[in-house]
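Step one of this worksheet: look at the structure below.
We name chains A, B, ... by the order of the sequence lines, and we start the count at 1 in each one.
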2 protein chains.
Amino acid sequence: MTDFMRIGELSERAGVTPRTVRYYESLGLIPRGEREGNGQHYYTKETLKHLRKIDQLKSLGLSLEEIRDVSIIYFNDTNDKNVIKIKAKHKILEILRQHLASTNQKMDALQEFRNDLLANIEYFEQLIMDHQK
Amino acid sequence: MTDFMRIGELSERAGVTPRTVRYYESLGLIPRGEREGNGQHYYTKETLKHLRKIDQLKSLGLSLEEIRDVSIIYFNDTNDKNVIKIKAKHKILEILRQHLASTNQKMDALQEFRNDLLANIEYFEQLIMDHQK
DNA sequence: CGTAAACATTACGTTAACGTAAACGTAAAC
DNA sequence: GTTTACGTTTACGTTAACGTAATGTTTACG
């Protein structure tokens, strides 16, 4: 198991371009791949997971900035969390709660949208059936 | 009940700017407000509903183009639908099914995200409690 | 009836999230 | 051991979804 990969493999397996990987690095969304003396950067499967999670959250309509808000959930381990100061913890909690609220709203809206889709799919299926006989 | 309003009232009640209304008109996302001889446009409550629905779908991560895809659900009445040709009906059905599939995926992802949020909110609440005693 | 507030139209500006090209070093394959 | 593919850095380009400013017209108000 070759646990290290270069940016080409990483980006391909994540379904993004190298440019996107570098862009996310520049935003601090993912850790910078370590270099080995030469100029090249090497990444692990962890980074791959991060990229996939980012893609998922993006599909939910979160901006990269919002993803950075909640990235503490996915991209910091427990050790790091203990280092966070008490004031920051309150701030984080507040942000998480805000995201929870908007997530709840989105779930409701999505449910409604899904019902609308289902109803209309049925409706158009019927229209086509009627046309065929 | 003054059923007609101008762009100022419409946009304010929809929580958008006049610019946004005109932009959506230019994309064919909402019907152009009718004019009364003079230059001004008048809108109905229907258009207000459309704007609110668009806003909701946008919050779900749909682009304006995707919203136009599914706008037949909200913005065409049954009469109009009967005018659509059979070939177009198949096309619409295909698009609706694609949106259903991605909506299902989003629901799952959203559910997962919500759980992550909840777990972390609990976790940070605990951290703060520990700190207080 | 004059004047301020609202509307219309046109056009250039802005931001997020990358794309793309250039110019150069590195690695892989033959 | 040299082509050929891959990586790095820098910088300008692009698209969606509007913002904003300018200029002229229309409406509302005292």
Side-chain angles (χ1 to χ4, degrees), chain A residues 2-44 47-48 50-71 75 99 102, chain B residues 2-44 47-48 50-71 75 99 102:
Chain A
T2 165
D3 204 29
F4 284 85
M5 49 191 152
R6 294 185 299 169
I7 201 168
E9 190 184 344
L10 174 73
S11 57
E12 191 169 355
R13 292 176 67 179
V16 301
T17 67
R19 169 74 233 244
T20 301
V21 171
R22 297 200 178 100
Y23 182 55
Y24 290 174
E25 281 183 320
S26 81
L27 295 182
L29 261 179
I30 56 175
R32 270 177 211 282
E34 310 213 7
R35 337 192 196 205
E36 309 249 294
N38 51 47
Q40 308 214 342
H41 300 239
Y42 293 86
Y43 304 86
T44 72
T47 312
L48 184 54
H50 291 187
L51 285 173
R52 290 188 173 139
K53 186 52 89 173
I54 290 171
D55 199 58
Q56 199 183 35
L57 295 182
K58 255 174 40 100
S59 83
L60 300 179
L62 299 205
S63 69
L64 294 183
E65 199 182 334
E66 289 172 316
I67 291 173
R68 206 158 46 80
D69 274 0
V70 299
S71 68
F75 309 158
H99 280 284
S102 77
Chain B
T2 165
D3 203 28
F4 284 85
M5 47 191 153
R6 293 186 300 169
I7 199 167
E9 189 185 345
L10 174 72
S11 57
E12 191 170 355
R13 294 176 66 178
V16 301
T17 68
R19 169 76 235 245
T20 300
V21 172
R22 296 198 179 102
Y23 181 56
Y24 290 174
E25 282 182 319
S26 80
L27 295 182
L29 260 179
I30 57 175
R32 266 174 213 286
E34 310 214 6
R35 338 193 195 202
E36 310 248 295
N38 51 48
Q40 308 216 344
H41 300 241
Y42 292 86
Y43 304 86
T44 72
T47 312
L48 182 55
H50 292 186
L51 286 173
R52 289 186 173 143
K53 186 52 91 172
I54 290 172
D55 199 58
Q56 197 183 38
L57 295 182
K58 253 172 43 96
S59 83
L60 301 178
L62 299 205
S63 69
L64 295 183
E65 200 183 334
E66 289 171 317
I67 291 174
R68 204 158 47 80
D69 274 1
V70 299
S71 67
F75 309 157
H99 280 283
S102 78

To the nearest 0.5 Å, tell me how far A:Arg19 CZ sits from A:Ile7 CD1. 10.5 Å

Nearest-0.5 Å distance that lies between atom OG in B:Ser26 and atom CZ in B:Arg32: 6.5 Å

Can you measure A:Leu10 atom CG to D:dG7 atom C1' for me and round it to whole angstrom units? 13 Å

Tell me whether the side-chain N/O atoms of B:Asn38 come closer than 4.0 Å to OP1 or OP2 in D:dT27. yes

Look through every strand shown and name the nucleotide pairing with C:dC30 as Watson-Crick or G-U wobble, where both distances are under 3.5 Å. D:dG1

Output one letter per nucleotide in nucleotides 1-8 of chain C: B when a protein non-hydrogen atom lies under 4.0 Å from the base, S when only the sugar-phosphate is that close, - when neither is. -----SSB

Taken to the nearest 0.5 Å, the spacing of A:Arg13 CZ from A:Tyr43 OH works out to 14.5 Å

A side-chain contact here means heavy atoms from C-beta on lying under 4.5 Å apart; do A:Ser11 and A:Val16 qualify? yes

Scan nucleotides 14-24 of chain D nucleotide by nucleotide, 5' to 3', and note B when protein non-hydrogen atoms come under 4.0 Å of the base, S if they reach only the sugar-phosphate, - if neither. ---BBBB----

Can any side-chain N or O of B:Arg52 pair as donor or acceptor with the backbone N or O of B:Gly15 at less than 3.5 Å? no

Under 3.5 Å, side chain of B:Glu12 to main-chain N/O of B:Glu9, donor-acceptor pair present? no

Whom does D:dC29 pair with, Watson-Crick or G-U wobble, provided both distances fall under 3.5 Å? C:dG2

To the nearest 0.5 Å, how far apart are CG in A:Leu64 and CG in A:Asp69? 11.5 Å

Rounded to the nearest 0.5 Å, the CD1 atom of A:Ile30 sits from the OG1 atom of A:Thr20 at a distance of 9.5 Å

